[in-house]
Amino acid sequence: CLNDEDSNIIGMGFMPESVNCTEIIYEIIAHNAFANNGKLEEFIPYYIKTRYGCVSEKLTNAWITLCKKVLNGTETVSGESALCARPALDTRTTSLWAHVPNPYVDQSPLVEYIKAMLDEYGLLGENAAYRKDLMEATRQSISNLSWFFVEQIRLAYGERDIDAVSYYGAELLSLYDIQTAIVSTDEAMLLGRWLEKAKRLGRTSAEKTYFEWNARTQITLWSHREGAEVLRDYSAREWQGLLEDFYRPRWESFISRLELSLLTDKPLEHINHYDEEVPFLESRHLFSVGARDDLAAQAKRLFSALREADH
């Protein structure tokens, strides 16, 4: 098109929203628009060399497998995490418009990619793009696992099995600790940085308070009570700070209610989620603005979590 005298095209671009935006997808589209062929096996070594500064056969094979079996796989994997979902026995998604994930998705291709990436940590551990890719893959695997535990909680409650509800509830809650540690290795995944940026826009104390409230609202409830029924969790982000202070308390409260229902043999009581969530918007709790530097160690915690789930 660029060489066509009758064409008015001057370039191309993308406007991806903040979820399901795996960077390589857009790189492939842009590359293929000008490439002689669209062979993945030829693109991947070029992509890795450009992104990391070096390339190896192991990384090349890992990336090709990731593209073919995960990014272009046939199983439904949600970009959303159950850790961010508003709890209910029929919870299947985080936002109201997402694809329903398969809680039993085969994680082996993604796990093999993570292992291959970890093998190169000594060489590439200081490379920001490599760290981002490793963090995102590990975070996604934990997110996939979270839907498995939510499904087990639902089944256990249906069978009136309080021991199983408590067990899988504890397993789900343990993922918050792992996920928080994983995302804490990336400055872009810190709630503290988001809130501090918002407060810096204020000229007065009142403006700073308002901007912080607005920043907290935008990434959680989004709106007032009526609006939140449609748009809450629209932004659902697995950020350090949000995971511990906003999302985890919701599931802790819900699991306790399930256990109480089974112990007393009474129906599950109605939960006024909005009233329980609003205090987070008014809080002025400070969060870390500095990333931790132990990504490899935290990523390896994924493997023990998968073993615990035998998943």
Side-chain angles (χ1 to χ4, degrees), residues 1-80 99 105-144 182-183 185-189 238 291 293-300 302-303:
C1 290
L2 293 176
N3 296 325
D4 187 345
E5 293 182 357
D6 297 324
S7 173
N8 60 5
I9 187 172
I10 60 173
M12 62 186 296
F14 308 100
M15 293 182 64
E17 289 203 45
S18 61
V19 293
N20 297 322
C21 294
T22 304
E23 294 180 25
I24 191 174
I25 298 298
Y26 304 100
E27 294 281 357
I28 289 174
I29 295 173
H31 178 81
N32 284 350
F34 304 97
N36 294 325
N37 63 68
K39 293 182 179 179
L40 189 66
E41 289 75 10
E42 293 184 13
F43 169 75
I44 290 298
Y46 159 80
Y47 176 75
I48 295 174
K49 180 66 180 294
T50 303
R51 192 164 175 82
Y52 302 155
C54 63
V55 63
S56 69
E57 183 178 358
K58 178 177 289 187
L59 279 178
T60 298
N61 292 336
W63 267 101
I64 291 174
T65 299
L66 179 78
C67 290
K68 289 183 176 181
K69 294 188 177 182
V70 179
L71 301 181
N72 196 37
T74 57
E75 295 191 89
T76 302
V77 177
S78 175
E80 298 182 336
H99 295 294
V105 65
D106 178 14
Q107 293 233 61
S108 58
L110 182 55
V111 171
E112 289 307 310
Y113 166 82
I114 293 169
K115 288 180 178 178
M117 290 285 280
L118 280 170
D119 285 344
E120 304 293 338
Y121 194 89
L123 176 64
L124 299 174
E126 298 301 316
N127 181 284
Y130 163 86
R131 292 174 62 85
K132 170 70 74 174
D133 292 339
L134 176 56
M135 183 278 293
E136 288 287 11
T138 311
R139 179 203 56 75
Q140 184 60 55
S141 186
I142 291 292
S143 296
N144 295 345
I182 290 169
V183 300
T185 63
D186 188 327
E187 288 185 345
M189 306 290 280
E238 289 180 288
D293 191 30
D294 57 348
L295 174 58
Q298 299 308 324
K300 291 175 183 177
L302 163 69
F303 306 133

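Note that the coordinates shown come from a computational prediction; the quantities given were computed from them, not determined experimentally.
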Visitor: Looking at every non-hydrogen atom in both residues, tell me the closest pair between Ala299 and Leu118 and how far apart they are.
Guide: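 Answer, listing the atom of Ala299 first, then Leu118: CB-CD2, 4.2 Å.
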Visitor: Please enumerate all residues that pass side chain to side chain donor-acceptor pair (under 3.5 Å) together with Ser108, with sequence neighbours excluded.
Guide: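 Partners of Ser108 by the side chain to side chain donor-acceptor pair (under 3.5 Å) criterion, ordered by chain and then number, come out as Asp106.
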Visitor: What distance separates Ile44 CD1 from Thr65 OG1, expressed to the nearest 0.5 Å?
Guide: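 Interatomic distance, Ile44 CD1 to Thr65 OG1, rounded to 0.5 Å: 10.0 Å.
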Visitor: Could I get the full list of side chain to side chain donor-acceptor pair (under 3.5 Å) partners for Ser141, not counting sequence neighbours?
Guide: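 Ser141 satisfies side chain to side chain donor-acceptor pair (under 3.5 Å) with Gln107 only.
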Visitor: Taking side chain to side chain contact (heavy atoms under 4.5 Å, CB included) as the test, write out the residues that go with Lys58, two or more places apart.
Guide: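 In terms of side chain to side chain contact (heavy atoms under 4.5 Å, CB included), with neighbours along the sequence ignored, Lys58 is linked to Ser56, Ala116, Asp119, Glu120.
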Visitor: Atom OG1 in Thr22, atom CG in Leu66: separation rounded to 0.5 Å?
Guide: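 Answer for the OG1-CG pair, Thr22 versus Leu66, is 8.0 Å.
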Visitor: Between the side chains of Asp293 and Arg131, is the shortest nitrogen-to-carboxylate-oxygen separation below 4.0 Å, so that they form an ion pair?
Guide: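 Salt bridge present between Arg131 and Asp293.
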Visitor: CG of Leu124 to CG of Leu59: how many Å apart, nearest 0.5 Å?
Guide: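 Going from the CG atom of Leu124 to the CG atom of Leu59 covers 6.5 Å.
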Visitor: Please say whether the positively charged group of Lys69, taken as NZ for Lys or CZ for Arg, lies over the ring of Tyr113, i.e. under 6.0 angstrom from the six-membered ring centre and within 45 degrees of the axis.
Guide: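 Not flagged: Lys69 not positioned over aromatic ring of Tyr113.
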Visitor: Measuring from Ile28:CD1 to Leu71:CG, what's the distance to the nearest 0.5 Å?
Guide: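 Here the rounded value is 7.5 Å.
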Visitor: Who are the ring pair (Phe, Tyr, Trp, His ring centres under 6.0 Å) partners of Tyr47, not counting sequence neighbours?
Guide: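 Phe43, Trp63.
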Visitor: Run the side chain to side chain contact (heavy atoms under 4.5 Å, CB included) test against Ala30 and tell me which residues pass, sequence neighbours left out.
Guide: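 Side chain to side chain contact (heavy atoms under 4.5 Å, CB included) check on Ala30 returns Phe14.
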Visitor: By the salt bridge (charged side-chain N to carboxylate O under 4.0 Å, His left out) test, which pairs, at least two apart or in different chains, include something from residues 37-53?
Guide: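 For residues 37-53: Glu23-Arg51, Glu41-Lys68, Arg51-Asp133.
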Visitor: Applying side chain to side chain contact (heavy atoms under 4.5 Å, CB included), name anything that partners Ala128, two or more places apart in sequence or on another chain.
Guide: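 In terms of side chain to side chain contact (heavy atoms under 4.5 Å, CB included), with neighbours along the sequence ignored, Ala128 is linked to no residue.
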Visitor: Going by side chain to side chain donor-acceptor pair (under 3.5 Å), name the residues that satisfy it together with Lys132, two or more places apart in sequence or in a different chain.
Guide: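 Applying side chain to side chain donor-acceptor pair (under 3.5 Å) to Lys132 gives Asp186.
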Visitor: Between the main-chain N or O of Met117 and the side-chain N or O of Tyr130, is there a donor-acceptor pair closer than 3.5 Å?
Guide: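 Checking the backbone N and O of Met117 against the side chain of Tyr130, a donor-acceptor pair under 3.5 Å is found.
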Visitor: Check ring pair (Phe, Tyr, Trp, His ring centres under 6.0 Å) between Tyr46 and all other residues, then give those that pass, not counting sequence neighbours.
Guide: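 By the ring pair (Phe, Tyr, Trp, His ring centres under 6.0 Å) rule, Tyr46 matches His31.
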Visitor: Let me confirm one number: the OH-CG distance from Tyr121 to Leu295, rounded to the nearest 0.5 Å.
Guide: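 Those atoms lie 5.0 Å apart.
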Visitor: Which value, rounded to the nearest 0.5 Å, describes the distance between Thr138 atom OG1 and Ile142 atom CD1?
Guide: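 Taking OG1 in Thr138 and CD1 in Ile142, the distance rounds to 8.0 Å.
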Visitor: Under the rule for salt bridge (charged side-chain N to carboxylate O under 4.0 Å, His left out), what residues qualify as partners of Arg139, not counting sequence neighbours?
Guide: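 With neighbours one apart ignored, the set is Glu136, Glu238.
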Visitor: For Cys54 and Leu123, work out which heavy atoms get closest and say how close.
Guide: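 Smallest interatomic distance, heavy atoms only, reads SG-CD2, 3.9 Å.
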